[in-house]
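Scroll down for the structure; my scribbles are underneath it.
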There are 2 protein chains.
Amino acid sequence: MTEAVARSVRQPSMADVARTAGVSAQTVSRALRDSPNVNPETRRRVLDAVDQLGYRLNNAARVLSSGRSFTIGLVLLQSGGYYSRSAVTAGVEAAAGHAGYAVNIATIAGLDTGLMERALSKLADQGVDGIIIAVPLISVTQKMEDITRDIPTVTLDGSRTAGARVLGIDQLEAGRLATQHLLDLGHRQVWHVSGPDEWIEARQRLQGWRECLAAAGIEAPPALEGDWSPDSGYRQGQIIAMIPDVTAVFAASDEMAFGIIRALRERGRSVPEDVSIVSVDDIALAAYCSPPLTTVRQDFYRSGQAAVELLLDPDGANASVVPASLSVRSSTAAPRSH
Amino acid sequence: MTEAVARSVRQPSMADVARTAGVSAQTVSRALRDSPNVNPETRRRVLDAVDQLGYRLNNAARVLSSGRSFTIGLVLLQSGGYYSRSAVTAGVEAAAGHAGYAVNIATIAGLDTGLMERALSKLADQGVDGIIIAVPLISVTQKMEDITRDIPTVTLDGSRTAGARVLGIDQLEAGRLATQHLLDLGHRQVWHVSGPDEWIEARQRLQGWRECLAAAGIEAPPALEGDWSPDSGYRQGQIIAMIPDVTAVFAASDEMAFGIIRALRERGRSVPEDVSIVSVDDIALAAYCSPPLTTVRQDFYRSGQAAVELLLDPDGANASVVPASLSVRSSTAAPRSH
DNA sequence: CGAGCCTATGTTATCGATGCCATGCGTAAC
DNA sequence: GTTACGCATGGCATCGATAACATAGGCTCG
């Protein structure tokens, strides 16, 4: 006797639900989207049918017919800043999910306009309703403008295209807070290990540092440049260790700060006794490595959330700023008196 | 004179391209998907028309008519392990993008079957072609089984449902490597601060530790349990610091290890002179904090890639393992001789 | 008590790409 | 010189939900 071949069963559609509930497909659609004009009794019947059939709304069909995808795209940089990337993602995902949106990720391998264009294209192809760019745009191309003109975009701490809104942590302020803290402790000079120049954050922190020193009438020493990684901090730290009079360093990220500290210690300079170090980020480990870092706290998770809110708010402001605050721990101290 | 109102222009469709290129829509579709039976000259005309119109394939329509979404879902846990989460995501995204797939993220706030079900439902609703679960499934519910039966699933280091393939770093081996390293240095006893018991990784590392000690004829001391965070490491470290004879500790994660080290130092126990510490992960900072950590390296990025490969390989194995290896640095040393 | 309106529901067209089948032409095979 | 087959292409139905419009009762108000 021939058995019916077990074939992959077709997923139930709205029409199936409608049939089971004894209503039209349109009514099912309305009931599922809590449209106001649906009889509670009818809605219940529909929901029962949904349960019974194990119905699942077909997203593609909804997107096609409604023109909205309920998905937002997130552009991230692959390398560097594991902590911040991860925290931003979590914040974005949480806020998006809360608003009924899914998140689609596009990672780019480096700061390159070509890669950036491809990432944006990919998201545009996916039909995202909005885009959050969490990497700095070094330069904005026509293609990027085209895409961000058609799709609402929020730039997190980056430069902007004509169409994009900008959300930023106040990096100028972060640089000032860090530098001022060192000056307040009595240091007469503050060195700086910056992030890569392509990054807006890096430039702004650098500028905050310069301005703060200028305001105190101090001429800024040359800035050293790292790439956010602990390893680059280590390399710049080796250089700093060769300069005799350094008593205070402002590092543009916690990870670099740890590298700097390691290099200084290996050369017999202790932190904070000989050299004070302050940085920016306040990653989870900042309080637990040795010494616990004095650092300017950035709330990445909150930034991610705020970016989504800014994106989805139809008449929101065009720019918004998340404040930064100083966490004082043990990597800074008054300079040793001679 | 009345100006035409600037209205949101309809995106060009395949039919528009077809008209411009002087062919049928079907041929456009074939040309764009490099179907073999298309005249090169025709293809060129089509591509020119695409360029000229700025045509962009409508993903929703493609998904609806083809039944495939070219999207894979990634389930992540929101808290803890920033580094690993981020690296896994990058690996998944890279491998997926390489194969022409987009990645859709679902973050869950905690290890809870309800949240897990909702995350899977959300991904299923989005019509993903496959799912990668990067959090341990504490217990598998019917609903979870249903979803993972319908959609190919790979579990990264987690327990498994009937339908899922499993990819894991060999955590048993990681636990053994770490413990054996301490025994080889001459330690007579090794304490352990584990991860939360719900995590398979945590259980396996713990088991590796127990087995290794057993093989050496040593009775394992009670394990202390943390939650992967530096803070939990710090708390367990305070307890360890009160026990006089401890000379070696195996921490289940780098972040906890840093917390433990901090607690020990605050109580006057130096690392590695008084107490040796080895952990698991090898995060970027492991080499740069003080002391540089001896740790079992896990290649999260590679794991993410491997998960995608396993997912997309139609006749791949049902399980696969990424090896772990020991990075020896300065947090471990031979015990002080009495 | 009839005009007008609000509520609950049904009907039909539509979104844009693809699967399947049909077609016409050139060429190799018998 | 048919038959048969491969290649390049077109036509049409279809995927599943939704927007826009249509309709049938019931209620309010002058």
Side-chain angles (χ1 to χ4, degrees), chain A residues 7-47 49-50 53-71 100 102 124-129, chain B residues 7-47 49-50 53-71 100 102 124-129:
Chain A
R7 81 193 98 177
S8 104
V9 213
R10 193 177 58 86
Q11 293 288 340
S13 79
M14 212 166 242
D16 299 323
V17 176
R19 206 169 309 119
T20 307
V23 296
S24 76
Q26 184 57 224
T27 300
V28 174
S29 172
R30 276 191 281 251
L32 293 180
R33 284 180 300 159
D34 2 79
S35 158
N37 294 348
V38 174
N39 188 311
E41 159 63 17
T42 308
R43 185 193 310 276
R44 220 183 38 67
R45 281 223 311 284
V46 169
L47 294 182
V50 165
L53 298 177
Y55 169 73
R56 201 175 280 294
L57 198 154
N58 182 316
N59 194 54
R62 173 167 73 147
V63 172
L64 182 58
S65 73
S66 73
R68 325 225 305 114
S69 72
F70 290 96
T71 296
D125 282 348
Q126 294 284 322
V128 297
D129 286 337
Chain B
R7 80 194 100 178
S8 105
V9 214
R10 193 177 58 88
Q11 294 288 340
S13 77
M14 212 166 241
D16 300 321
V17 176
R19 207 168 307 119
T20 307
V23 295
S24 75
Q26 184 54 226
T27 301
V28 174
S29 171
R30 276 191 281 253
L32 293 180
R33 284 180 299 161
D34 7 78
S35 153
N37 296 347
V38 175
N39 188 312
E41 159 62 17
T42 308
R43 187 193 310 277
R44 221 185 34 69
R45 281 225 310 285
V46 169
L47 294 182
V50 165
L53 298 177
Y55 168 73
R56 202 175 276 296
L57 198 154
N58 181 316
N59 194 55
R62 172 166 73 146
V63 172
L64 181 58
S65 75
S66 74
R68 324 223 308 114
S69 70
F70 291 96
T71 295
D125 283 347
Q126 295 283 322
V128 297
D129 285 339

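Quick note on labels: first sequence line is chain A, next is B, and so on, each numbered from 1.
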- Message: Counting only heavy atoms and a strict 4.0 angstrom limit, can you tell me which residues of residues 14-29 of chain B come near DNA chain D?
- Response: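 When residues 14-29 of chain B is checked for heavy atoms under 4.0 Å from DNA chain D, the hits, listed by number, are B:Val23, B:Ser24, B:Gln26, B:Thr27.
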
- Donor-acceptor under 3.5 Å (B:Thr20 side chain, B:Ala49 main chain):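 Side chain of B:Thr20 to backbone of B:Ala49, a donor-acceptor pair under 3.5 Å: no, none is there.
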
- Checking B:Thr42 side chain against B:Val38 main chain: does a donor-acceptor pair fall under 3.5 Å?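 Checking the backbone N and O of B:Val38 against the side chain of B:Thr42, no donor-acceptor pair under 3.5 Å is found.
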
- Message: Please determine whether side-chain contact (heavy atoms from CB on, under 4.5 Å) holds for the pair A:Asn58 and A:Gln11, giving the CA-CA distance in whole Å, both sets of side-chain angles, and the decisive distance to 0.1 Å.
- Response: CA-CA 9 Å; A:Asn58 182 316; A:Gln11 293 288 340; over 6 Å; no

Within the structure provided, determine whether [X] and [Y] are in side-chain contact (heavy-atom separation under 4.5 Å).
X: B:Val50; Y: B:Val17; answer: yes
X: A:Leu57; Y: A:Arg62; answer: yes
X: B:Ser69; Y: B:Gln126; answer: no

Nearest-Å distance, [atom1] ([X]) to [atom2] ([N])?
X: A:Arg68; N: C:dC15; atom1: CZ; atom2: C1'; result: 15 Å
X: A:Arg44; N: C:dA8; atom1: CZ; atom2: C1'; result: 17 Å
X: B:Asn58; N: C:dT14; atom1: CG; atom2: P; result: 17 Å
X: A:Arg56; N: D:dA17; atom1: CZ; atom2: P; result: 12 Å
X: A:Leu53; N: D:dG16; atom1: CG; atom2: C1'; result: 15 Å
X: B:Phe70; N: C:dA17; atom1: CZ; atom2: P; result: 15 Å
X: B:Leu32; N: C:dT18; atom1: CG; atom2: C1'; result: 12 Å
X: A:Leu64; N: D:dT18; atom1: CG; atom2: P; result: 11 Å

- Query: Where is the tightest heavy-atom contact between A:Ala18 and A:Val28, given as atom of each residue plus distance?
  - Reply: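 Closest approach of A:Ala18 to A:Val28, heavy atoms only: CA-CG2, 3.6 Å.
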
- Where A:Asp125 and B:Asn59 come nearest, the two heavy atoms and their spacing: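 For A:Asp125 versus B:Asn59, the nearest heavy atoms are O-CB, 3.2 Å.
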
Short N/O separations, protein against nucleotides 4-7 of chain C, under 3.5 angstrom:
none

Is there a side-chain contact between [X] and the phosphate of [N], meaning an N or O under 4.0 Å from OP1 or OP2?
X: A:Arg62; N: D:dA19; answer: no
X: B:Thr42; N: D:dT9; answer: yes
X: B:Arg45; N: D:dA8; answer: no

- Item | Separation of A:Asn39 CG from A:Arg44 CZ (nearest 0.5 Å) |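 The distance works out to 10.5 Å.
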
Among the nucleotides [options], which one has an atom lying closest to any side-chain atom of [X]?
X: A:Arg33; options: D:dT18, C:dT9, C:dG16; answer: D:dT18
X: A:Ser13; options: C:dA17, C:dG19, D:dG16; answer: D:dG16
X: B:Ser66; options: C:dC15, C:dG19, D:dT18; answer: C:dG19

- Message: Return whichever of B:Pro36 or B:Ala61 has its heavy-atom-nearest nucleotide of DNA chain D closer to the 5' end.
- Response: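 Per heavy-atom nearest nucleotide, the more 5' residue is B:Pro36.
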
- Message: At 4.0 Å (heavy atoms only), tell me whether A:Arg30 reaches a base, stays on the sugar-phosphate, or touches nothing.
- Response: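 A:Arg30: base contact, heavy atoms under 4.0 Å.
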
- Does B:Asp129 have any salt bridge (Lys or Arg N to Asp or Glu O under 4.0 Å) partners at least two apart in sequence or in another chain, and if so, which?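 Partners of B:Asp129 under the salt bridge (Lys or Arg N to Asp or Glu O under 4.0 Å) test: B:Arg68.
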
